[in-house]
Each structure stands twice: as structure tokens, then as C-alpha cells.
Novice: 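The following block contains the structure, expressed as C-alpha cells.
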Amino acid sequence: MSQILNGRGVSASFDSDGVRLDLRRRRVDIPLAAVREVRTAEDRVVEIVLTDGATHRVEGGNPTATAAFVAALTAELPRRRDPAGSALVTTTEYGGNADAWAALAMIAALPLAYVGYVVWVGVTHGTRVVAVIVGTLPLVFGLGVLFLTVQEAFRRIVLARRGITVLAQAVGKDGKKNVVYEYVDAEGRVHKYSCRRKAQRTQLAYDPHKPERAAHAMWPPFAVLKLLTFFIGSLFWLYVGGYLSFGLLW
């Protein structure tokens with residue numbers, strides 16, 4: 001995008017294809033040919049007027065950014081416009097920021113609820129609270145291992161379905177144990193990948209839809225066995241932590 005205008009609950013950006021408005025729960029794409037004019041209604045408000053008269057308003061962050069956005073977008077408008085206007089606009093509905101904030105609120109509520117549980121155990125069961133506090137360590141560790149295992153399994157599945165294998169060259173070290181490799185994707189862009197292999201060259205598979213997602217080649221049965229081992233290990237630590245922390249409720 002050539003320029004971005006961030007405002008209250010909306011972000012406007014544009015490139016040679018059109019204007020994009022990212023709202024809280026939807027995204028609006030407007031082709032440049034459907035725009036009749038762009039004007040500053042107020043110091044902080046941009047109005048995008050379509051060829052059929054429909055208007056989209058964007059409240060900018062500050063007058064300077066608002067004026068710069070209007071000038072830059074106006075310069076990009078084509079000479080020939082399409083009178084269809086709103087008929088050319090596409091709207092995509094999605095969860096947006098509201099769902100993201102709701103998810104963050106739920107995640108933040110979990111540790112707060114656990115702290116409340118620890119306080120309740122300390123008040124009602126006395127020394128039993130020591131086991132609850134100790135159980136926090138294996139519980140957190142198990143959750144961390146489970147998260148990393150699921151993440152790695154997803155990466156391996158994606159690469160198995162559409163990964164492109166290339167030969168990567170070692171270019172340095174990342175810490176004492178990890179070796180940094182460089183590989184080139186189909187577009188000619190260079191990416192880096194770090195792992196504990198010691199070879200000067202190694203085969204990597206990367207995702208063409210997201211080239212920075214990569215993994216070194218591994219025999220499929222060994223990869224499955226490795227993931228299964230970590231998964232079982234995470235369940236073990238979750239059980240230990242859960243028993244110590246919540247055993248008195250069972």
C-alpha cells in the first residue's frame with residue numbers, strides 16, 4: 001500500500017488497484033475507477049465520494065496525515081472513471097478487532113481466575129496451597145510443550161501438502177548450538193532458518209504461501225514419532241500439574 005491512514009475504528013490504505021477500508025468487523029475494497037473525488041470534510045475527516053454519489057467517511061488521526069492522504073490518493077485517481085460506483089465496491093465481513101479483544105480478555109481472565117483459586121485454597125485448606133503453587137510449574141510447562149507441539153505439527157502438515165524443497169546454505173550461528181541457513185524462494189527472495197543441524201548444506205521445505213515458514217527435511221515416520229513423543233510428554237506434565245493444583249476438587 002502506498003499510504004495508510006489510521007483513525008478511530010478504521011484504517012484506510014490504497015495502492016494502484018484501489019482503496020481499502022479496514023473497519024471493526026468488515027473490509028471494504030473500492031476500485032480507483034469508482035472514486036469521483038477525495039476531499040477533506042474536516043481537519044481529521046476524509047470523504048471518499050464514489051461516481052454514483054455514495055460517500056465513505058474516514059476519521060484520520062491528525063490533520064497533517066489526513067491532508068497528506070487526500071493529496072496522495074487524489075494523485076492516483078485515473079482519468080477515466082466508471083459510473084457504476086457502489087456496484088464495484090466489495091465488502092468482506094469478518095470478526096475484526098472486537099473478536100480479538102474478546103479472545104485477549106478471555107486469555108487474561110484465566111491467570112486471574114487461577115490466582116483467585118490459589119487464594120481460596122490458602123484460606124480454606126491452609127498448607128494445601130503449597131501443592132497448588134508447586135503444581136503451577138508442570139502445568140505451565142505442559143501447556144507450553146503442547147502449544148509448541150501443535151504448532152510444529154501444523155507446520156509439518158502444511159509443508160507436506162504444499163512445501164517446496166530447496167537446498168539451504170549455512171551462513172552463521174545463532175547462539176552456541178543453532179546453525180543459521182539461508183535459502184532462496186521461487187520469487188528470488190532470501191530467507192533465513194535456524195536449527196541444530198551441523199551440515200554446511202541441508203534440504204529445507206518452505207511454504208510458497210508464506211516463504212518464511214520452513215523446516216528441515218525429516219523422514220516422515222521419525223517426524224510423527226517425535227511429535228507423538230512430545231505430545232505424550234505434554235499430557236504427562238499436564239496431568240501432574242493438574243493433580244497437584246486441582247486434586248482436592250476431584
Side-chain angles (χ1 to χ4, degrees), residues 1-4 11 13 15-17 20 22 27 29 92 94-97 99-101 103-104 106-108 110-111 134-245:
M1 295 295 178
S2 299
Q3 194 167 326
I4 300 174
S11 175
S13 56
D15 59 12
S16 58
D17 295 325
R20 171 168 293 180
D22 287 302
R27 185 183 67 212
D29 290 298
T92 305
Y94 60 94
N97 295 335
D99 292 344
W101 282 111
L104 288 175
M106 292 181 62
I107 294 174
L110 291 176
V134 172
T136 303
L137 296 177
L139 196 61
V140 172
F141 180 75
L143 287 173
V145 173
L146 180 61
F147 173 78
L148 294 176
T149 302
V150 172
Q151 189 179 52
E152 177 66 11
F154 174 77
R155 181 173 62 163
R156 289 288 177 179
I157 291 173
V158 169
L159 294 177
R161 293 181 60 184
R162 62 174 185 238
I164 298 176
T165 302
V166 295
L167 190 62
Q169 179 75 32
V171 294
K173 288 191 174 182
D174 181 14
K176 295 182 178 180
K177 297 182 179 181
N178 288 356
V179 176
V180 178
Y181 292 91
E182 280 190 352
Y183 61 96
V184 181
D185 64 19
E187 303 296 329
R189 292 170 296 187
V190 179
H191 303 273
K192 292 184 178 181
Y193 173 79
S194 177
C195 67
R196 293 190 176 185
R197 293 203 164 188
K198 303 299 182 181
Q200 188 63 25
R201 293 183 178 182
T202 187
Q203 291 186 7
L204 295 179
Y206 75 88
D207 181 4
H209 294 177
K210 191 177 181 182
E212 62 272 15
R213 177 189 287 147
H216 57 269
M218 185 180 295
W219 188 42
F222 180 76
V224 172
L225 180 61
K226 179 181 177 180
L227 290 172
L228 185 61
T229 301
F230 278 103
F231 178 71
I232 295 175
S234 68
L235 294 183
F236 169 77
W237 288 112
L238 285 174
Y239 175 80
V240 172
Y243 180 79
L244 291 174
S245 299

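Numbering starts at 1 and runs along the sequence shown.
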Novice: Which heavy atom of A170 sits nearest a heavy atom of A199, and at what distance?
Specialist: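 Looking at all heavy atoms of both residues, the shortest contact is CB-O, 4.0 Å.
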Novice: Are L143 and V145 side-chain neighbours, meaning at least one heavy-atom pair lies under 4.5 Å?
Specialist: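 No, every pair of side-chain atoms sits at 4.5 Å or beyond.
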Novice: If you measure from OG1 on T229 to NZ on K226, what distance do you get to the nearest 0.5 Å?
Specialist: 10.0 Å
Novice: Do you know the tightest heavy-atom contact between G142 and S234?
Specialist: O-CB, 3.6 Å
Novice: What pairs with Y193 under ring-ring contact (aromatic ring centres under 6.0 Å, His included), at least two apart in sequence or on another chain?
Specialist: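 So Y193 forms no ring-ring contact (aromatic ring centres under 6.0 Å, His included) with any residue.
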Novice: Please round to the nearest 0.5 Å and tell me the distance separating atom NE2 of H191 and atom OH of Y206.
Specialist: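 Atom-to-atom, H191:NE2 and Y206:OH are 7.5 Å apart.
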Novice: Determine whether V166 and Q203 make a side-chain contact, defined as any pair of heavy atoms from C-beta on separated by less than 4.5 Å.
Specialist: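 Not touching, per the 4.5 Å side-chain cut-off.
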Novice: Could you state the interatomic distance from CG (L167) to OG1 (T202), rounded to the nearest 0.5 Å?
Specialist: 8.0 Å
Novice: For R201, does the CZ atom have more than 12 heavy-atom neighbours from other residues, nucleotides or ligands under 6.0 Å away?
Specialist: no
Novice: Tell me whether R161 at atom CZ has more than 12 heavy atoms from other residues, nucleotides or ligands lying less than 6.0 Å away.
Specialist: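 Counting other residues, nucleotides and ligands, CZ of R161 stays at 12 neighbours or fewer.
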Novice: Taking atom NZ of K210 as the centre, report whether more than 12 heavy atoms of other residues, nucleotides or ligands fall under 6.0 Å from it.
Specialist: no
Novice: Before giving the answer on side chain to side chain contact (heavy atoms under 4.5 Å, CB included), spell out for L238 and L139 the whole-Å C-alpha distance, their side-chain angles and the decisive distance to 0.1 Å.
Specialist: CA-CA 5 Å; L238 285 174; L139 196 61; 4.1 Å; yes
Novice: Compare every heavy atom of S13 with every heavy atom of I4, then report the nearest pair and how far apart it is.
Specialist: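 Residues I4 and S13, closest heavy atoms: CG1-CB, 3.8 Å.
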Novice: Check the pair F231, L235 against side chain to side chain contact (heavy atoms under 4.5 Å, CB included), reporting the backbone distance first and the verdict last.
Specialist: CA-CA 6 Å; F231 178 71; L235 294 183; 3.6 Å; yes
Novice: Of the non-hydrogen atoms in I164 and P208, which two are nearest, and what is the gap between them?
Specialist: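 Distance-wise, the nearest heavy atoms are CD1-CB, 3.9 Å.
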Novice: Output all residues satisfying side chain to side chain contact (heavy atoms under 4.5 Å, CB included) with K192, sequence neighbours left out; order by chain, then residue number.
Specialist: V180, E182
Novice: In Å, rounded to the nearest 0.5 Å, how long is the span from CG of D185 to CD of E212?
Specialist: 9.5 Å
Novice: Rounded at 0.5 Å granularity, tell me how far CG in L137 sits from CZ in F141.
Specialist: 11.0 Å
Novice: Just wondering, do C195 and N178 contact through their side chains at under 4.5 Å, heavy atoms?
Specialist: no
Novice: Considering non-hydrogen atoms only, spot the tightest contact between A214 and Y183 and give its length.
Specialist: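 Nearest pair, atom of A214 first, then Y183: CB-OH, 3.5 Å.
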Novice: Could you tell me whether the side chain of V179 reaches within less than 4.5 Å of the side chain of R197, counting heavy atoms only?
Specialist: no
Novice: Between D29 and R27, does any side-chain N to carboxylate O distance fall below 4.0 Å?
Specialist: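 Yes, D29 and R27 are salt-bridged.
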Novice: Please report the shortest heavy-atom distance between R213 and L159, naming the atom on each side.
Specialist: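 Nearest heavy atoms, R213 then L159: O-CD2, 4.0 Å.
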Novice: Rounded to the nearest 0.5 Å, what's the gap from CG on L227 to CD1 on I232? Could you check?
Specialist: 11.0 Å
Novice: Can you find a pair of side-chain heavy atoms, one from L148 and one from E152, that are under 4.5 Å apart?
Specialist: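 No; the side chains remain at least 4.5 Å from each other.
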